[in-house]
Amino acid sequence: MSQNPLVPESKLPALGTTIFTQMSQLAQQHQAINLSQGFPDFDGPRYLQERLAFHVANGANQYAPMTGVQALREAIADKTAGLYGYKPDANTDITVTAGATEALYAAITALVRPGDEVICFDPSYDSYAPAVTLSGGVLKRIALQPPSFRVDWEEFAALLSPRTRLIILNTPHNPSATVWRKSDYAALWQAIEQHKVYVVSDEVYEHICFAEEGHASVLAHPQLRERAVAVSSFGKTFHMTGWKVGYCVAPAAISAELRKVHQYLTFAVNTPAQLALADMLRAQPEHYRELPAFYRARRDRFMQALADSRFEILPCEGTYFLLADYSAISDLDDVSFCQWLTKDVGVAAIPLSVFCADPFPHRLIRLCFAKQEATLDAAAELLCKV
């Protein structure tokens, strides 16, 4: 072995293993119930599994087109039209990606240039910042305050500058479980209308929205969608996170630049999985239409089971996460509390501070309820003993 190994200078020196991996490993080590990482402990639709096997057996095992198989892009276009009153062009506006994470990375990389400013809202998902940094952008964060986590639009307007290039938003919002309203999009448009600013709208939980008016998508706003990339996830919708298939919808000019990145990052996505998903969208659209009720039942069951605990459960308008305030239980910081909860109580959760760049003084943890009822009941029983 060389005594002088060549060690590259890191482009992301502050970045380590994600908190999701850390907590899942800790949960496994201590045999704790894992409510930390956001994945279901149950399988997706049988029909979808059968269609995957069908397409594998029938030879659909070579490269798909770079933009995604035609049948899936057309099904996405029709689904989008039915939900949001806008039908994107299946050939120019829709790109199938290796999960939503790749879509986010490709969109950010395509749009952000060195020195550009990018605005996001904290708490924010952890994949945004590295993509901005690698593109040479400067991330400007607006802190959303619990329990409502609403955007202060005056603060937002004050943060805009001639160097602002991109806004990254997420609704339904991970980790706060809040959702944007149409009024939020109206306020966003009013603020950026006179600026040359793009929007990336992370909507991976679009079908897990409990708001009475339903999910408000950037695609339903006629002006914003002309400068936006909407990102979606089949993994979240069909309980198949391991398939890693997502997609993005954007106007042709933006899609063309995004596809240049996608072409040399992933090029093509799993062919039989795409064909199976196209079949699923056509044959069983009731699955995603009924998803809010499916997860609402789990949310309500878990909240009811925690009603007698010492945790204060915050409202949940969307996603499959609950926020719990542990102020009545401990003075530990949230990272230490989650470690203690995993090791000593037997339930793994995620601390909210890891979603924020600035100090987060609130004692909040995130719990995932995309689990079997027996899993939620067992976790609640342990949490009620705290």
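For the numbers below, each heavy atom of this structure counts, side chains included, while hydrogens, waters and symmetry mates do not.
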Visitor: Going by atom types only, do Gln22 and Thr17 share a side-chain donor-acceptor pair under 3.5 Å?
Guide: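 There is no such pair between these side chains.
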
Visitor: Quick check: closest heavy atoms across Met280 and Leu48, and the distance to 0.1 Å?
Guide: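 Smallest interatomic distance, heavy atoms only, reads CB-CD1, 3.7 Å.
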
Visitor: Which residue in the set Asp358, Asp334, Asp333 passes side-chain hydrogen bond (donor to acceptor under 3.5 Å, both in side chains) when paired with Ser353?
Guide: Asp334

Visitor: To check you understand the geometry: which heavy-atom pair defines the closest contact between Pro251 and Arg225, and what is its length?
Guide: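 Closest heavy-atom pair between Pro251 and Arg225: CG-O, 3.2 Å.
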
Visitor: Heavy-atom count check: over 12 atoms from other residues, nucleotides or ligands less than 6.0 Å from Glu381 CD?
Guide: no

Visitor: Grab the two heavy atoms, one from Thr101 and one from Ser127, that are nearest each other, plus how far apart they are.
Guide: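 Looking at all heavy atoms of both residues, the shortest contact is CG2-CB, 4.4 Å.
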
Visitor: Salt bridge or not for Arg181 and Asp184, using N-O below 4.0 Å?
Guide: no

Visitor: Is there a chain of hydrophobic side chains (I, L, V, M, F, W, Y, each step under 4.5 Å between heavy atoms) that links Trp340 to Leu35?
Guide: yes

Visitor: Looking at Tyr185, I want to see if its OH is surrounded by more than 12 non-hydrogen atoms of other residues, nucleotides or ligands under 6.0 Å.
Guide: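 Counting other residues, nucleotides and ligands, OH of Tyr185 exceeds 12 neighbours.
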
Visitor: Think Arg366 forms a cation-pi with Phe321, using NZ or CZ under 6.0 Å from the six-ring centre and within 45 degrees of its axis?
Guide: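 Yes, Arg366 lies over the aromatic ring of Phe321.
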
Visitor: Same hydrophobic cluster for Val179 and Phe369, using side-chain heavy-atom links shorter than 4.5 Å among ILVMFWY?
Guide: no

Visitor: Compare every heavy atom of Leu322 with every heavy atom of Met303, then report the nearest pair and how far apart it is.
Guide: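 Heavy-atom minimum between the residues: CG-CD1, 3.6 Å.
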
Visitor: Using the rule given for salt bridge (Lys or Arg N to Asp or Glu O under 4.0 Å), can you reason through Arg141 versus Asp122, listing the C-alpha separation, both sets of side-chain angles and the distance that settles it, and then say yes or no?
Guide: CA-CA 6 Å; Arg141 301 173 183 259; Asp122 274 5; 2.9 Å; yes

Visitor: Which is it for Thr133 and Leu139 under the side-chain contact (heavy atoms from CB on, under 4.5 Å) test, yes or no, and what are the steps along the way?
Guide: CA-CA 8 Å; Thr133 299; Leu139 197 61; over 6 Å; no

Visitor: Do you see a donor-acceptor pair shorter than 3.5 Å between the side chains of Ser24 and Thr21?
Guide: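 The criterion, which ignores hydrogens and geometry beyond distance, is not satisfied for Thr21 and Ser24.
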
Visitor: Cation-pi check for Tyr326 against Arg310: NZ or CZ below 6.0 Å from the six-membered ring centre and within 45 degrees of the axis, yes or no?
Guide: no

Visitor: Determine the minimum heavy-atom distance between Ala107 and Val200, stating which atoms define it.
Guide: CB-CG2, 4.0 Å

Visitor: How many angstroms lie between atom CZ of Phe355 and atom CG of Asn174, to the nearest 0.5 angstrom?
Guide: 5.0 Å

Visitor: When rounded to the nearest 0.5 angstrom, what is the spacing between OG1 in Thr266 and NZ in Lys244?
Guide: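 One finds 9.5 Å between OG1 of Thr266 and NZ of Lys244.
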
Visitor: Is it true that the NZ or CZ of Lys236 lies under 6.0 Å from the centre of Tyr320's six-membered ring and within 45 degrees of the ring axis?
Guide: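 No, cation not above the ring by the 6.0 Å, 45° rule.
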
Visitor: Quick one: CG on Asn270 to OH on Tyr63, what's the gap to the nearest 0.5 Å?
Guide: 13.0 Å

Visitor: For the aromatic rings, using the six-membered ring if either is Trp, is the centroid distance between Trp153 and Trp189 under 6.0 Å?
Guide: no

Visitor: Could you state whether Ile168 and Leu15 fall into the same hydrophobic cluster, counting links through intermediate Ile, Leu, Val, Met, Phe, Trp or Tyr residues with side-chain heavy atoms under 4.5 angstrom apart?
Guide: no

Visitor: Can Arg51 and Leu275 be said to form a side-chain contact (heavy atoms from CB on, under 4.5 Å), step by step?
Guide: CA-CA 8 Å; Arg51 296 312 293 171; Leu275 291 167; over 6 Å; no

Visitor: So that I can tick it off, tell me whether Glu373 and Arg301 are bridged by a salt bridge, with the cut-off set at under 4.0 angstrom between side-chain N and carboxylate O.
Guide: yes

Visitor: Which distance, rounded to the nearest 0.5 Å, do you find between the OG1 of Thr80 and the CG of Asp78?
Guide: 8.5 Å

Visitor: Quick one: are Ile33 and Leu382 in side-chain contact, heavy atoms under 4.5 Å?
Guide: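 Yes, close enough: below the 4.5 Å cut-off.
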
Visitor: The test is side chain to side chain donor-acceptor pair (under 3.5 Å); show your working for Ser232 and Glu206 and say whether it passes.
Guide: CA-CA 8 Å; Ser232 295; Glu206 62 185 316; 2.8 Å; yes

Visitor: Does Glu50 have more than 12 heavy atoms from other residues, nucleotides or ligands lying within 6.0 Å of its CD?
Guide: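 Yes.
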
Visitor: Is it true that the side chains of Asp93 and Ser255 contain a donor and an acceptor less than 3.5 Å apart?
Guide: no

Visitor: As a test of understanding, state which of Thr271, Asp279, Asn61 forms a side-chain hydrogen bond (donor to acceptor under 3.5 Å, both in side chains) with His55.
Guide: Asp279

Visitor: Can Leu111 be reached from Tyr125 by stepping across I, L, V, M, F, W or Y side chains whose heavy atoms are under 4.5 Å apart?
Guide: yes

Visitor: Within the supplied structure, the quantity of interest is the number of heavy atoms (other residues, nucleotides, ligands) at a distance under 6.0 Å from Asp308 CG; does it exceed 12?
Guide: no

Visitor: Side chains of Tyr84 and Val218: closer than 4.5 Å at any heavy-atom pair?
Guide: no

Visitor: Using side chain to side chain contact (heavy atoms under 4.5 Å, CB included) as the criterion, point out the one residue from Tyr288, Tyr295, Phe238 that pairs with His207.
Guide: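 Exactly one pass, corresponding to Tyr288.
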
Visitor: Does Glu155 CD have over 12 foreign heavy atoms under 6.0 Å away?
Guide: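 It does: Glu155 CD has more than 12 such atoms within range.
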
Visitor: Just wondering, do Leu169 and Val199 contact through their side chains at under 4.5 Å, heavy atoms?
Guide: yes

Visitor: Report yes if some heavy atom in the side chain of Tyr198 is under 4.5 Å from a heavy atom in the side chain of Val229; otherwise report no.
Guide: no

Visitor: Using 4.0 Å as the upper bound for N to carboxylate O, is an ion pair formed by Arg296 and Glu290?
Guide: no

Visitor: Check whether any side-chain heavy atom of Ser201 sits under 4.5 Å from a side-chain heavy atom of Trp180, and report yes or no.
Guide: no

Visitor: Could you tell me the separation between the CE atom of Met240 and the OG1 atom of Thr237, rounded to the nearest 0.5 Å?
Guide: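 Between Met240 CE and Thr237 OG1, I get 12.0 Å after rounding to 0.5 Å.
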
Visitor: Phe234 and Trp243: ring pair (Phe, Tyr, Trp, His ring centres under 6.0 Å), yes or no, with the steps?
Guide: CA-CA 8 Å; Phe234 288 121; Trp243 285 28; 9.4 Å; no

Visitor: Tell me if the CD atom of Gln31 is crowded by more than 12 foreign heavy atoms within 6.0 Å.
Guide: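 Count not over threshold, so no.
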
Visitor: State, with a plain yes or no, whether a side-chain heavy atom of Leu160 is found less than 4.5 Å away from one of His195.
Guide: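 In short, these two side chains touch, coming nearer than 4.5 Å.
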
Visitor: Give a yes or no on this: more than 12 heavy atoms of other residues, nucleotides or ligands lie within 6.0 Å of atom CD of Gln28.
Guide: no

Visitor: Can you confirm whether Thr109 sits close enough to Leu134 that some side-chain heavy atom of one is under 4.5 Å from a side-chain heavy atom of the other?
Guide: no

Visitor: Examine Ile313 and Val347 and state if one hydrophobic cluster contains both, with Ile, Leu, Val, Met, Phe, Trp and Tyr joined whenever side-chain heavy atoms are less than 4.5 Å apart.
Guide: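 Yes, Ile313 and Val347 fall within the same hydrophobic cluster.
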
Visitor: Could you go through Arg165 and Glu117, starting from their C-alpha distance and side-chain angles, then the distance that decides it, and tell me whether this counts as salt bridge (Lys or Arg N to Asp or Glu O under 4.0 Å)?
Guide: CA-CA 6 Å; Arg165 174 76 168 180; Glu117 292 180 354; over 6 Å; no

Visitor: With sequence neighbours excluded, what pairs up with Tyr105 under the ring pair (Phe, Tyr, Trp, His ring centres under 6.0 Å) test?
Guide: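 Ring pair (Phe, Tyr, Trp, His ring centres under 6.0 Å) list for Tyr105, sorted by chain: empty.
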
Visitor: Between Gln70 and Asn91, what is the shortest heavy-atom contact and its length?
Guide: NE2-OD1, 3.1 Å

Visitor: Could you check if a side-chain atom of Glu257 sits within less than 4.5 angstrom of a side-chain atom of Val261, using non-hydrogen atoms only?
Guide: no

Visitor: Does a sphere of radius 6.0 Å around CZ in Arg163 hold more than 12 heavy atoms from other residues, nucleotides or ligands, not counting ones at 6.0 Å or beyond?
Guide: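 Not buried by this count: 12 neighbours or fewer within 6.0 Å.
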
Visitor: Rounded to the nearest 0.5 Å, what separates atom CD1 in Ile119 from atom CD1 in Ile167?
Guide: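 CD1 of Ile167 is found 4.0 Å from CD1 of Ile119.
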
Visitor: Between Ser217 and Glu203, do the side chains contain an N or O donor and an N or O acceptor separated by less than 3.5 Å?
Guide: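 Judged by distance alone, the side chains do pair up.
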
